[in-house]
Asks: 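One structure coming up, written as C-alpha cells, with questions to follow.
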2 protein chains.
Amino acid sequence: MIWALTPPPRTANIPANLKRFGCTHMNLKELARKLDLSPTTVSRALNGYPEVNEATRERVAAAAKKYNYQPNTRAIRLATGRAMAVGHVIPLATRHEIVNPVFADFIAGAGEVYSRNGYDLLLSVVSDDDEERAYRELKSRGTVDGVIVHSPRMRDERIPLLHDLGIPFVVHGRATDSPRPYPWVDVNNRRAFQRATEFLLDLGHRRIALMNGLEFMDFALRRRAGYEAALAARGIPVDPAIMASEEMTETSGHRLGAALLSGPNPPTAFLVSSIIMGLGIRRAIEERGLQMGRDVSVIVHDDELSYLRNGDDLPIFTATRSSVREAGRQAAAMLIGLIRGEAGAPRELLMEAELIIGQSTGPHRG
Amino acid sequence: MIWALTPPPRTANIPANLKRFGCTHMNLKELARKLDLSPTTVSRALNGYPEVNEATRERVAAAAKKYNYQPNTRAIRLATGRAMAVGHVIPLATRHEIVNPVFADFIAGAGEVYSRNGYDLLLSVVSDDDEERAYRELKSRGTVDGVIVHSPRMRDERIPLLHDLGIPFVVHGRATDSPRPYPWVDVNNRRAFQRATEFLLDLGHRRIALMNGLEFMDFALRRRAGYEAALAARGIPVDPAIMASEEMTETSGHRLGAALLSGPNPPTAFLVSSIIMGLGIRRAIEERGLQMGRDVSVIVHDDELSYLRNGDDLPIFTATRSSVREAGRQAAAMLIGLIRGEAGAPRELLMEAELIIGQSTGPHRG
DNA sequence: ATCACATTTCAAACCGCTTTGGATTGGCAC
DNA sequence: GTGCCAATCCAAAGCGGTTTGAAATGTGAT
C-alpha cells in the first residue's frame, strides 16, 4: 500500500449535498449506495443500456421511484455535452418594438413537442441588431443544441450565419434567395393567396385590394406573388393604388380601408394578411354604412391564434387558414430530428392553408 | 516522488475538446496554458476576484478577448449549483387552449432584464393539470433558480406549492385570500376600474355595463370590485343584467354588446376589460348606426400590447392604461433580487394605471 | 480441467468550471 | 536574521452525472 502516502485530503468537508440543499438530496451516488451498486450500473440501468441484468434494472427503477430520484440536469448536460435545450431567438424590431403576435401560439405548439422529448425551451428576446451576437453566444456557451429562426426576411443573413456556426436550426417560414438550402416549415402562402384571389375573381370581383404585411418579411412577398399570379392569369393588371404593405394592426387596417373605400374607383374586395388588420377593414366598411360580405368582400389570413378566433362556430371571415400552433409542433419535431442526427427525415415542410368560406364574401354586385 | 507509483491512466485518450467540437474549442484550461497561469487564477481574474494582480488580470482579459473565450455555461451551472435561468410556466387552459395574449409582451419585458443580468429564460407550456408536476420537476432537476407565476386565480394553489418547494418566485398579479404573503407585481386593477367608473359617472352615465374577463381570474375580481365600489359610492345599485364575465375575445365583445344594446334599458356606457373585447363592442355599437363616444361611451383596459396599439398618435379608446411589458421588467428584477438573496428589496409592487382620455367617451345625452 | 466467450458489474477518468486550503514571495518592523 | 503579513498564485477537490476499459463471474465447448 505504497500510495497511501498520497497526501490526504486537507479537510474533512461536509457533504456538498447538505451544504447546498440543506438536506440530503437524492443523487446518483446516494441511490447507488442504497442499492449497494456502483453509480455506473445505476446510471446505465436508468438509461436503458443493454449490459445490465433485467432483475437489477427493476430493482434500480423501483428504488429510483421510491426515493424520487431525479437526475440533475446540470450534471447531465455537462457530462454529455448536450444542452437538452432549444433556443428561440425572438427579434424585437428596435424601431417599433413589436412582438410578433403569432409567436405565442407558435411557441405553445413547439413547447408541447419539446417537453414530450425532454428538451427545454430557451427564449431570448433580443433587439435585432444584437441578433448575431445572440446566436454566437448560444453557440460558444453551449446553452442550446439548436434554434428556431422566426420571421425570416428575404435573403436572411441569419441562415448563412447559423450554417457557419454549425448550429442545427429550422426556419419558421422561408427566406427567398437563400444561396444554400436550409430546413424550414412554412405555409404555402403563395398558393393560399392565389386561391383566395381566384375565389374572389370567381365571385365576379375585379378590383381586389391587397392589404399586406411589411414586404421585407418573406411571407408577405410570397402572398403578394400569389395575388399577382392569380390576377395575371385572368389578364387583370395589378394596380399599386390598391395595394398596401404595412404593419398588421387594427388601426392601419382601418386607415387603409377607409382611404381606399372613399377614394376614386374603390375596390369591391379586400385580401388581407391578418385577421387583426381585417377587423380594421371591417370597421372601415361598416362605418360607411356598407355591409361586409354583401357590399364589400373580405378575405383574411387566419393563423388560428387562440385569442383571436375567427368566430366561435361558423367563421366570420372567409379566410385562408393555417394553424401556427401546428407549425410550431412540426418545426420543433424537425429540429429535434436534426439535433439527434436522424438521417432521412424530411427537411422541408410546406403546409397547405385551407380556404374557409365565411360570411365576409359574396358575389360582386354590378 | 513516491506517489508517482499511483497507477497510470489506462488510455492516452484524445483531447475531449477535439472529440466534441471537431476542433480545439477554447476553454479555461487551454486559455490558462496559453497564459502560463493556472486555471484558478484565470477563472478568478475573469470573475473579478480581488486576489489577482491587476497586471495579470489585464493580461488574462486581453487573452480571453483575443481567443474569444466564452466560459461553458453548462460547467458553470454545475460547479456553482446555480442554474442561471428563470422559468416561466405558462398554463395552457386545457379546455379552451388559450394562450394569454398579454404574455408575449410580458415576456419581452422580462427577457430584457434577464439578459442584462446573465439569466436565461426557460419557457414551459403545460396544460394546467400538469402544472404541479412541472414545478416539482423544475425544482428537483434544478433547471431554474426561480419562476414567475402567470395568471393567478383567486386563492391560487401554486403559491403554497412554491413556498413549500422553496423556489423563489414572483407572481404577475395577485391571488386574493392567499394565506401566506408572497412576492408580486400587479396593476392596481381595482383603483383603475374605480376611477374609470367614476369618470363615466361624472360624464352623467348611470347605466354602465361591465364587460369583464373570466372571474376566476384574480384581476377580473378586482376590476369588478372597483366598478362596484364606484357605483356604491354614488348610491347606484349594481345590475347583474349589464355585467358579464367571459373570455376576452372580439367575438364575445360583439355578442355581448349587441345583446345589451338591443335589450330593454340598454347601457349608455361600457367598461371593458380588454382592448380586443372593446373592438367587438365598438362593432356592435356602430352596427346599430350609433357612434362610439357620442351615443355610447366605452372605456377599455389597455395593456399596451405591441401589436394592438390604441391608436397611433391620439388614443381611440379612453382607457385605463398600464404597460405589461414594464410589469415584466419589474417582475423579473424582483425575482432576480430574490434569487440573489438581496434583503431589503421590496417584495410587492403595485403599479398604478393611467386613465387616458380618448375619443370613445363623451357626456351622457339624456 | 481448460479455454473462449458472453454477461454483469465496477473503478476511475472525464465534462469544464468554481472554490478550498495552502504555498510562495517580498516587504517591513523588530 | 527572524517573524509576520499582505499580495499572488496554484494544486486538487469538488459539482453530479456519463463513459471507458477492465475485472469478475458464469457457461458451454473442447
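A note on names: the letters A, B, ... follow the listed sequences, proteins ahead of strands, and every chain is numbered from 1. Keep in mind that what you see is a predicted model, and the values were worked out from it rather than measured.
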Asks: Could you list the residues that satisfy side-chain hydrogen bond (donor to acceptor under 3.5 Å, both in side chains) with B:H88, not counting sequence neighbours?
Replies: B:Y114, B:H150
Asks: Rounded to whole Å, please give me the gap between CZ in B:R141 and P in D:dG16.
Replies: 15 Å
Asks: Nearest whole angstrom, please: distance from the P of D:dA7 to the CG of B:N53.
Replies: 11 Å
Asks: Centroid separation under 6.0 Å, is that true for the rings of A:F106 and A:H172?
Replies: yes
Asks: CZ of B:R77 versus P of D:dG17: gap in Å, rounded?
Replies: 17 Å
Asks: Would you sort out whether A:Q330 and A:M334 count as a side chain to side chain contact (heavy atoms under 4.5 Å, CB included), showing the intermediate values?
Replies: CA-CA 6 Å; A:Q330 297 290 347; A:M334 186 182 290; over 6 Å; no
Asks: Pull out every protein N or O sitting under 3.5 Å from an N or O of nucleotides 17-19 of chain C, one pair per line with the distance.
Replies:
residue	atom	partner	partner atom	Å
C:dC17	OP1	B:Y69	OH	3.3
C:dC17	OP1	B:N72	N	3.1
C:dC17	OP2	B:L28	N	2.5
C:dC17	O5'	B:Y69	OH	3.2
C:dT18	OP1	B:N47	ND2	3.1
C:dT18	OP2	B:S43	OG	2.4
C:dT19	OP2	B:Y49	OH	2.7
C:dT19	O4	B:T40	OG1	3.3

Asks: Quickly work out the B:L78 CG to D:dT18 P distance and round it to whole Å.
Replies: 12 Å
Asks: Testing the basics here: between B:Y69 and B:L28, what is the closest heavy-atom pair and its distance to 0.1 Å?
Replies: CE1-N, 3.5 Å
Asks: Can you find a side chain N or O atom of B:T41 that sits less than 4.0 Å from OP1 or OP2 on D:dC9?
Replies: no
Asks: When the distance from CD of A:E58 to P of C:dT8 is rounded to whole Å, what number comes out?
Replies: 13 Å
Asks: Whole Å only: how far is the CD atom of B:E54 from the C1' atom of D:dC9?
Replies: 15 Å
Asks: With respect to B:V144, which candidate in B:L121, B:V86, B:L122, B:D120 satisfies the side chain to side chain contact (heavy atoms under 4.5 Å, CB included) definition?
Replies: B:L122
Asks: With a cut-off of less than 4.0 Å, is there a side-chain N or O of B:T56 near OP1 or OP2 of D:dT8?
Replies: no
Asks: For B:G146 and B:I167, which heavy atoms make the closest approach, and how far apart are they?
Replies: CA-CG2, 3.8 Å
Asks: Could you give the CZ-to-C1' distance, from B:R33 to D:dC10, as a whole number of Å?
Replies: 16 Å
Asks: Nearest whole angstrom, please: distance from the P of D:dG21 to the CD of A:E51.
Replies: 14 Å
